[in-house]
Amino acid sequence: MTDSQPNPVPVETHYVYTSLRSAFMVTTPHEPPVHPVYVIGGGPGGLAVAAALRARGVRAVVLEKSDAVGASWRAHYDRLRLHTTRRLSALPGLRIPRSFGRWVARADVVRYLEKYAEKHELEIVTGVEVFQVERAGEEWVLHATGGRRLTGRAVVVATGYNHTPHVPDWPGRDAYEGELSHARTYRNPEPYAGKDVLVVGIGNTGAEIAADLAEGGAARVRLAVRTVPHIVRRTTAGWPAQRSGILIRRLPVALVDRLGAVIARVATPDLTAYGLPRPDTGLATRQREGAVPVQDVGLIDAVRAGKVEIVAAVEAFEGGEVVLADGNRIAPDAVIAATGYRRALEPLLGHLDVLDGSGRPVTHGARCPRETPGLYFTGFTNPISGMLRELAIDAEKIARRIAKAGR
Ligand SMILES: Cc1cc2nc3c(=O)[nH]c(=O)nc-3n(C[C@H](O)[C@H](O)[C@H](O)COP(=O)(O)OP(=O)(O)OC[C@H]3O[C@@H](n4cnc5c(N)ncnc54)[C@H](O)[C@@H]3O)c2cc1C
């Protein structure tokens, strides 16, 4: 400042703590209030949208209920790696370092997300959970932790597809005398060394946890399967399954079903003798129903070696026993339910009529529900082409639309 410049008017300052940068954002009350765009959730989806908005000069504030970004990745099991490639998993404006390898480890995903927030100087408020979102004229009011009432010009909901662990309401579940947990709390096989464990559910998580337990010293591992999945190799002759997922996305369902069956016969062994016959519905048909194929990261070998036994689906619990759909009763030491998650958007948005019968938002990406302009969703689809890739694409679309609406 030179002597000729007037002294700045003393102003009250309003600070927003951004935990990642250990810094403070400053606004002056003398400027006309331009409400920010609020992004609910500091996972990859929310961070990507915030960065894409910032790149277009739109102020975005990320509200994250936990104490750091990437909360879900911090909580996943230890051995998890991305099954999508490093290149096809990067968010807008920052590559994932080559040193992280082709299949990025969970801890490195967390490092990447921290770096991402820092590089884009994102405004993130941690420890703030949004409980309800309400329309107020042209704007949005968010009710959040500590009685906060925050007004935004638009809202992006990025609270995650895998929000709340779901354990089916099996008869006898609550009175079960054995140990029953959800896969969300599984970290590594150590606590299960020497134990007889039943994993319920053969999605990607159940399949990998079963393999992890078998490799990590559990005495016996059984995997309860209701519907046999499509199992694909993560790569075939160096070609990642994710790239096939991207290529086939726009092809007719019947064609993909046929192609998938041919590739499966060549690439994966027949596991019928072990209780895993090839599915009778095609890969694309299943995908339409919301089921992504299981990427093999050890299950096939473990099943063939007899280290993971396939059993029928769980029907009920009785005392200390698990009753299976074929009538067998077993008494494992521990049951791990890899039975998925719910979006749990009802408390936040249920009153706005923006959710479908299964609790998913009726729109995603740049489109808003008709009656709620300015309300965007990201991360609520489960695409075969890789969720991180889709989050990156949707972030750009959402930011473009919001920036355009603000002009
Ligand atoms: C085990 C597993 C492995 C996966 N592997 C891959 C992979 O290899 N490749 C790939 O492309 N995708 C993968 N995915 C899918 C997807 O990419 C990840 O789930 C990703 O983390 C989704 O990002 P998100 O931001 O939408 O949700 P999340 O990462 O779940 O982030 C949501 C955030 O919102 C916060 N939050 C929730 N509710 C509120 C609220 N009311 N107020 C404030 N904050 C809130 C949460 O604390 C969380 O930090 C995987 C998913 C799982 C479960």
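Because only heavy atoms are used, hydrogens play no part in the values below, and waters and symmetry mates are left out as well, while side chains stay in. Atoms within each ligand, like the ligands themselves, are counted from 1 in listed order.
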Q. Under 6.0 Å between ring centres, would you say that holds for His182 and Tyr341?
A.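 Yes, ring centres under 6.0 Å apart.
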Is [X] close to ligand 1, meaning an N/O of one under 3.5 Å from an N/O of the other?
{"X": "His83", "value": "yes"}
{"X": "Arg81", "value": "no"}
{"X": "Leu348", "value": "no"}
{"X": "Gly70", "value": "no"}
{"X": "Thr84", "value": "yes"}

Q) Knowing that exactly one of Arg187, Glu208, Arg106 qualifies, which makes a side chain to side chain donor-acceptor pair (under 3.5 Å) with Tyr77? A)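 Checked Arg187, Glu208, Arg106 against Tyr77; only one passes side chain to side chain donor-acceptor pair (under 3.5 Å): Glu208.
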Q. Among Thr159, Thr85, Ile209, Val292, whose heavy atom sits nearest atom 39 (C) of ligand 1?
A.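 It is Thr159 whose heavy atom sits nearest to atom 39 (C) of ligand 1.
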**Q.** Nearest-option assignment for atom 31 (O) of ligand 1, heavy atoms, candidates Gly43, Gly42, Ala338
**A.** Gly43
With heavy atoms of [X] as the reference, note each atom of ligand 1 found under 4.0 Å away.
{"X": "Leu82", "answer": "7 (C), 8 (O), 9 (N)"}
{"X": "Leu63", "answer": "43 (C), 44 (N)"}
{"X": "Leu80", "answer": "1 (C), 3 (C)"}
{"X": "His163", "answer": "37 (C), 38 (N)"}
{"X": "Ile40", "answer": "40 (C), 42 (N), 43 (C)"}
{"X": "Leu391", "answer": "22 (C), 23 (O)"}
{"X": "Ala158", "answer": "32 (C), 33 (C), 34 (O)"}
{"X": "Asn162", "answer": "19 (O), 51 (C), 53 (C)"}

Q: Mind checking the CD1-CZ spacing from Ile310 to Arg222? Nearest 0.5 Å is all I need.
A: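 So the gap between those two atoms works out to 12.0 Å.
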Ligand 1 contacted by [X] (non-hydrogen, < 4.0 Å):
{"X": "Ser89", "value": "no"}
{"X": "Trp73", "value": "yes"}
{"X": "Leu47", "value": "no"}

Q) According to the interplanar angle, ranging from 0 to 90°, do the rings of Trp73 and His76 count as parallel (below 30°), tilted (30 to 60°) or perpendicular (above 60°)? A) perpendicular
Q. Is NZ or CZ of Arg343 both nearer than 6.0 Å to the six-membered ring centre of Tyr161 and within 45° of the ring axis?
A. yes
